[in-house]
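Per chain, numbering begins at 1; letters A, B, ... match sequence-line order.
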Amino acid sequence: MHELNFIPLPNVHIKNRGAQLDILTGDIETEFGLARSAWCDDCLLFLGFYDGDEVSGWFDLKKRFTHANWSISNDRVVELYRQFCHQPKPSAWIIGTEFQMEVWQAICQIPEGNTVSYSQLAVNIKKPKAVRAIGSALGANNIAYWVPCHRAVRSDGSLGGYRWGLSLKAKMLSVEATGL
DNA sequence: TGTGGATCTTGTT
DNA sequence: AACAAGATCCACA
């Protein structure tokens, strides 16, 4: 269904914690629940599910972009997200190390309805022993759902972990498997 | 079923 | 430069 176009965020913005960066934030109601989003130049920068609590909603964003210029508009963000969803290959700013990018690219190869084990992913990126690190890298991804981290499960068939909550992971997998 | 060691990356000190 | 903590895995009891 969805392929994502990775645009690496310029290093200077990461280094300076978002100084001189104009970031628009707002909440959207998705199929899987309330999510906070952040945008830069109309391009998605962050999407994370949360419980509606302001503190947890800001936590990740303020930590990484401490010095950014913030503005807030739910209406605008809802519109941006609508457009985002309608694109054949939507674009998103990506922030991460080389290794993390590799892992995220790898998980994006797994088609909807499928799952992979963390160890299979490790093989796919040619670092078969880096199994544990794969899990960490997946958990560091900033674009929930669109970087389909929920498709990574343990090799014994159990669910493993999920940054946004295990019940959500289970729900996503069941929706993708059955279409319900 | 559970525990311990192996293994790799990252953030923190 | 060293260390501890992870969304793991495998062997072995």
A.B. asks: In whole Å, I'd like the distance from the CZ atom of A/Arg132 to the C1' atom of B/dG4.
C.D. replies: 12 Å
A.B. asks: Roughly how many Å is it from CE in A/Met101 to C1' in B/dT10, rounded to a whole number?
C.D. replies: 15 Å
A.B. asks: Using 30° and 60° as the class boundaries, would you call the ring planes of A/Phe32 and A/Tyr145 parallel, tilted or perpendicular?
C.D. replies: tilted
A.B. asks: In whole Å, I'd like the distance from the CD atom of A/Gln100 to the P atom of B/dC8.
C.D. replies: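 Atom-to-atom, A/Gln100 to B/dC8, this comes out as 17 Å.
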A.B. asks: Need one value for A/Arg163: base, sugar-phosphate or nothing, where a base atom within 4.0 Å counts as base even if backbone is also close, heavy atoms only.
C.D. replies: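 If one applies the 4.0 Å heavy-atom cut-off, A/Arg163 turns out to touch a base.
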A.B. asks: Can you tell me the distance, in whole Å, between the CZ atom of A/Arg64 and the C1' atom of B/dT10?
C.D. replies: 11 Å
A.B. asks: What are the bounds, 5' to 3', of the part of DNA chain C that sits under 4.0 Å from heavy atoms of chain A?
C.D. replies: C/dG6 to C/dC10
A.B. asks: Rounded to whole Å, how long is the line connecting atom CH2 of A/Trp104 with atom P of B/dT10?
C.D. replies: 9 Å
A.B. asks: Could you check, using the six-membered ring where one of them is a Trp, whether A/Trp58 and A/Trp70 have ring centers closer than 6.0 angstrom?
C.D. replies: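 Yes.
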A.B. asks: Check the distance between B/dT10's P and A/Ile14's CD1 and give it to me in whole angstrom.
C.D. replies: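 Rounded to the whole Å, the gap is 13 Å.
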A.B. asks: With a 4.0 Å cut-off, would you call A/Asp60 and A/Arg163 a salt bridge?
C.D. replies: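 Looking at A/Arg163 together with A/Asp60, the answer is yes, because their closest N to O distance falls below 4.0 Å.
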A.B. asks: More than 12 heavy atoms of other residues, nucleotides or ligands under 6.0 Å from CD of A/Glu54: is that the case?
C.D. replies: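 Buried by this count: over 12 neighbours within 6.0 Å.
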A.B. asks: Taking a pair as Watson-Crick or G-U wobble with both distances under 3.5 Å, which nucleotide is matched to C/dA7?
C.D. replies: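 Matched C/dA7 with nothing under the 3.5 Å cut-off.
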A.B. asks: Rounded to whole angstroms, how far apart are CG on A/Leu121 and C1' on B/dT9?
C.D. replies: 15 Å
A.B. asks: Just by distance, no angles: are the side chains of A/Asp22 and A/Asn69 close enough, under 3.5 Å, to form a donor-acceptor pair?
C.D. replies: yes
A.B. asks: Describe the nucleic acid contact of A/Phe99 in one word from base, sugar-phosphate, nothing, applying a heavy-atom distance below 4.0 Å.
C.D. replies: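 Here A/Phe99 touches the backbone only, sparing every base.
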A.B. asks: Would you indicate what A/Gly139 reaches in the nucleic acid, counting non-hydrogen atoms under 4.0 angstrom: base, sugar-phosphate, or nothing?
C.D. replies: base
A.B. asks: Is any side-chain N of the basic residue among A/Glu79 and A/Arg76 closer than 4.0 Å to the acidic one's carboxylate O?
C.D. replies: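 Result for this pair is no, no salt bridge flagged.
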A.B. asks: Mapping A/Ser117 and A/Ser136 onto DNA chain C by nearest heavy atom, which one lands closer to the 5' end?
C.D. replies: A/Ser136
A.B. asks: Can you check ring pair (Phe, Tyr, Trp, His ring centres under 6.0 Å) on A/Phe46 and A/Trp39, steps first, answer last?
C.D. replies: CA-CA 7 Å; A/Phe46 175 92; A/Trp39 307 75; over 10 Å; no
A.B. asks: How is A/Ala133 classified with respect to the nucleic acid when contacts are heavy atoms under 4.0 Å: base, sugar-phosphate, or nothing?
C.D. replies: base
A.B. asks: Give one of base, sugar-phosphate or nothing for A/Ser119, where a contact means two heavy atoms less than 4.0 Å apart.
C.D. replies: sugar-phosphate
A.B. asks: Calculate the interatomic distance between A/Lys129 atom NZ and B/dG5 atom P; express it in whole Å.
C.D. replies: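 Rounded to whole Å, this separation is 18 Å.
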